[in-house]
Amino acid sequence: MRLSVRLLAASALALAVAPPVLAQDAQTIQRAQTIRDAAMRENIAMDYVTQLTTRFGARPAGSPSEQAAAAWAADYMRAHGFRNVRIEEFSLVGWDRGEESAMIMGDHPQRLVVAALGHSPATPADGVEAPVVWFNSLETLNAAPAGSLAGKIAYVDAGQMVRMQDGSGYGLLSRIRGAGPAAAKSKGAVAFLMRSAGTDEHRMPHTGTTRYVDGQPTIPSFALSAPDADQLTRLAELDTAPVVRLTSTARTYQTVSQNVIGDIPGRSRPDEVIVLGSHMDSWDLGTGAFDDGAGGGITLAAAKAIAESGRRPARTVRVVLYGSEEVAQPTDTGNGGGAYLRGVQQAGALEKHIIAGESDFGADNIYALRLPPGGQNSDFARAAAQVLYPIGVLSSATPELHGGVDIGPLAGAGVPVFGLAQDGTRYFDLHHTADDTLDKLDPKQVSQNVAAWAGLVWLIADSDVDFRALRAAAPATEAH
Ligand code: ZN
Ligand code: ZN
């Protein structure tokens, strides 16, 4: 019932504000709707994510597990009819967590639940033991006088991350993770602690990468679970200057990572490419089902649904399972996204990249489509609405400018990008924790994702829509 009301509403809207849809577009739209509905009923996304996470478990960037998973995924693509399947290797500094611990010392010792941040260096073998200095924001840490943290552990607790559908609470916490360790080091701190960037209230720390500064690692850095952060902050507020002992045996090693690339070649314009991106690597604590096995499953399944629709689209649909999205490097090479861009540039194929999209925000329902600047209020947007609105996806007035980490280098080089925004309400309960496991995926919502990707990508792939031209014609305020 709800679906038919939505269909009526979409048609009424289109009639009221849009010029009539061209006859050849009507057939393309109808095919997109048929592909969408078939993908909603049946697709390979859950099969892929189940096999990936079961066979290989966690897939840290550059680890033997990520490498083996990539080789397996290439075979999986071939078995499902993808062509030109290839693996694109690049060198990487890997990071191995080893063992870690944290303990409040003194008369009443208390064990804390922590996770070292990715690419954080080890402590000395006998650990680091020092008083904790609490900051309630990154800004107050930045304002601490030079040398004031000599021999201390800097601790930033800016409060619990705000739960938002679009995940916008993450920015403030991820900035603390990225910039906090270097800021603490510059004031003389011997280690860094932070409240996890997460929305849950469980004793599960959320890991994530730290940054290098001038190619050098910073200081041993750890995320506390939310209840442990609550506890340490209460102790700090009691003015007891709690002393904490930290150990970590983390290490880095030289390795390779890789992108896995496979095509559904276009019927009549195979040199025109649409990139569907996600990443193969995961953090080590869980099995990376939400982040980002799901993205691989959704994009592979969407491309396969298009391939099996009975008519290949005019343009090529390319799935890229990027390597090593999660980790910072001593020298920023852009990781998998950078390696892919360099390959495309060497082949002179950049201008033929029509558009790119990325699925890397879990597996819950898609609720909004963001097109490149100039795409809003276009004929294409009206066609897309007829395919996406009936499954609950609204057309956003906000243009997509950057994509995600994996397609970011393409976007930076001028390739238009789109976004299919997923409901992130519970994403940061699980993100980068031991709880990112297969059981958290809801197959019905995964299928809604596949249906949205398949319908939208078909519309782009079997048309001559030119997003660069739309962008060029957009008002300057949009196209920045
Ligand atoms: Zn991710
Ligand atoms: Zn991640």
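Values below: every heavy atom of this structure, side chains too, minus hydrogens, waters and symmetry copies. One is the number of the first residue; the rest follow in order along the sequence. Both counts, for ligands and for their atoms, begin at 1 and track the order of listing.
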Here the N/O/S atom of His279 closest to the Zn ion (ligand 1) would be NE2

N, O or S atom of Asp292 closer to the Zn ion (ligand 2) than 2.8 Å: no

Taking 2.8 Å as the cut-off, does an N/O/S atom of His432 lie below it from the Zn ion (ligand 2)? yes

Step through the shown structure and confirm whether more than 12 heavy atoms of other residues, nucleotides or ligands are within 6.0 Å of NZ on Lys440. yes

What is the minimum heavy-atom distance between Ala397 and Gln376, and which atoms define it? O-CG, 3.8 Å

Counting backbone and side chain alike, does Glu326 bring an N/O/S atom below 2.8 Å of the Zn ion (ligand 2)? yes

Result for salt bridge (charged side-chain N to carboxylate O under 4.0 Å, His left out) between Asp263 and one of Arg86, Arg315, Arg78 points to Arg86

Can you list the steps and then say if Phe428 with Leu173 is a side chain to side chain contact (heavy atoms under 4.5 Å, CB included)? CA-CA 11 Å; Phe428 289 103; Leu173 274 293; over 6 Å; no

For the Zn ion (ligand 2), the nearest N/O/S atom on Asp291 is atom OD2

On the 0 to 90° scale, with breaks at 30° and 60°, tag the Tyr427-Phe361 ring pair as parallel, tilted or perpendicular. tilted

